[in-house]
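For ligands, and for the atoms within them, numbers begin at 1 and follow the listed sequence. Numbering starts at 1 and runs along the sequence shown.
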Amino acid sequence: MTDDLRRASAILTIDLGALVDNWRRLRDRVAPAECAAVVKADAYGLGVSRVVPALAAAGCRSFVVAQFEEALKVRALAPEARILCLGGLPPGAEGDMVEQRILPVLNHLGEVAAWRSHAARRGKALAAVIHIDTGMNRLGLGPDELDALVNMPEWLNGIDVRYWMTHLACADEFDSPMNRQQLDRFKAALARLPKAKASFTNSSGIFHGPDFHFDLARPGCALYGVNPTPHLDNPMRDVVRLDVRVLQVRNVDSPMTVGYGATHRVERKGKVATIAVGYADGYLRSLGGRGHMFVNGRPAAVVGRVSMDLLTVDVTDLPEEAVQPGGLVELIGPNRPVDTVAAEGGTIGYEILTSLGPRYHRVYLDPPAMT
Ligand SMILES: *Cc1c(COP(=O)(O)O)cnc(C)c1O
């Protein structure tokens, strides 16, 4: 172990081999459709500068981001890749979009018009993705805008539509009628629009079957180990592991309290371990009094409030030698999957991952060399 690692108060291990394996599983599942990788929000908090090169080396050719700045970052990491920018066309970004070969996802007719004008100015067709809203009511052309586009095909002059796209609202709810409805609406829209490829599904939608795959799948969370099929065992490999140092172990006698607000009252003589992670690191404050972690093979409950840099765990029932200052406890890992941590905090795995703070000592495990 290096000194850095020995001194680190918290170690976030990101298994790029598992990430790549997850991408390959999804790729095989959607074939012959193409499988992109959604790497918005710093690759769901795991680090776009490591995630993109690993996936590109494995053969991923399309990356999806939310913001233009993210698209520029990915371009620098993957010079040959196709990059889709979900956030559309920021004012004045047209020129850089073209130079950097970024595909804007045009979300409303105003953006379609701006892209068309830019194409006219340049005197050449410009590639784009056009987003049709089929039920999210968030981004994309609504029914009125779709009608307008169908009735005035000249709106697309100078636009090389690479994909028609839409996005599922309830993909992780496998019995929701919304999924089939959105599929039907999307197919109906495609039938009225000029022919082009189509992109429909996120991670969970991939598991609804081939009808949902179209030409380009856009998985995000499943790549990073979040379960895309919450009603079934996780078909993906865990990618993230978080181990945090014990700073102190204290004997606490009843009737004392632990932590801010004195919310936890000790009911019997016991032991509390203070560990080096808090809400500033993305360990949600809502996990106070609710979360669990794994200490030397056994679960231990978070007691009291989560502080900015610290939290406290009841280790009364653990043997003395199992928990010592300087030891590590597992907050996320094989015994504490990210979805379990999320459920305890009243949230979803996506929020746990994207909240992982900048203070962790990060260890990236490289994929096995490709042969
Ligand atoms: C975030 C996002 C995705 C990826 O969703 P996951 O559920 O993480 O797979 C796909 N498409 C769009 C439009 C998104 O915003």
Would R6 and D4 pass as an ion pair if we require N to O under 4.0 Å? no

Is the charged tip of R305 near the ring of Y260: under 6.0 Å from the six-membered ring centre and within 45° of its axis? no

Ring centres under 6.0 Å, that's the criterion: do F200 and H213 meet it? no

Is the contact between L86 and ligand 1 made by the side chain, the backbone, both, or neither, using heavy atoms and a 4.0 Å cut-off? side chain

If you measure from the Lys or Arg side-chain nitrogens to the Asp or Glu carboxylate oxygens, is any gap between K40 and E70 under 4.0 Å? no

Report the nearest protein non-hydrogen atom to atom 5 (O) of ligand 1: residue, atom name, distance rounded to 0.1 Å. N202 CB, 3.4 Å

With heavy atoms of G220 as the reference, note each atom of ligand 1 found under 4.0 Å away. 4 (C), 6 (P), 8 (O), 9 (O)

Of all the atoms in ligand 1, which lie at a distance below 4.0 Å from a heavy atom belonging to K40? 1 (C), 2 (C), 3 (C), 14 (C), 15 (O)

Do the non-hydrogen side-chain atoms of V277 and R359 ever get within less than 4.5 Å of each other? no

Using a strict 4.0 Å cut-off to heavy atoms of Y350, name the atoms of ligand 1 that fall inside it. 6 (P), 7 (O), 8 (O)

Against heavy atoms of Y44, which atoms of ligand 1 measure under 4.0 Å? 1 (C), 4 (C), 5 (O), 6 (P), 8 (O)

Decide, yes or no, whether a salt bridge links D211 with R180 under the criterion of side-chain N to carboxylate O below 4.0 Å. yes

Residue, atom name and distance, where the atom is the protein heavy atom closest to atom 9 (O) of ligand 1: S203 OG, 2.5 Å

Ignoring hydrogens and geometry beyond distance, is a side-chain donor-acceptor pair present between H108 and E145 at under 3.5 Å? no

Where is the nearest protein heavy atom to atom 10 (C) of ligand 1: which residue, which atom, and how far? R218 O, 3.4 Å

With heavy atoms only and a cut-off of under 4.0 Å, state how H167 meets ligand 1: side chain, backbone, both or neither. side chain

Which ligand 1 atoms does C221 reach within 4.0 Å, using its non-hydrogen atoms? 6 (P), 7 (O), 8 (O), 9 (O)

So, 4.0 Å and heavy atoms of P219: is ligand 1 close enough to count as a contact? yes

Classify the side-chain pair T312/T274 by whether it contains a donor and acceptor separated by less than 3.5 Å. no

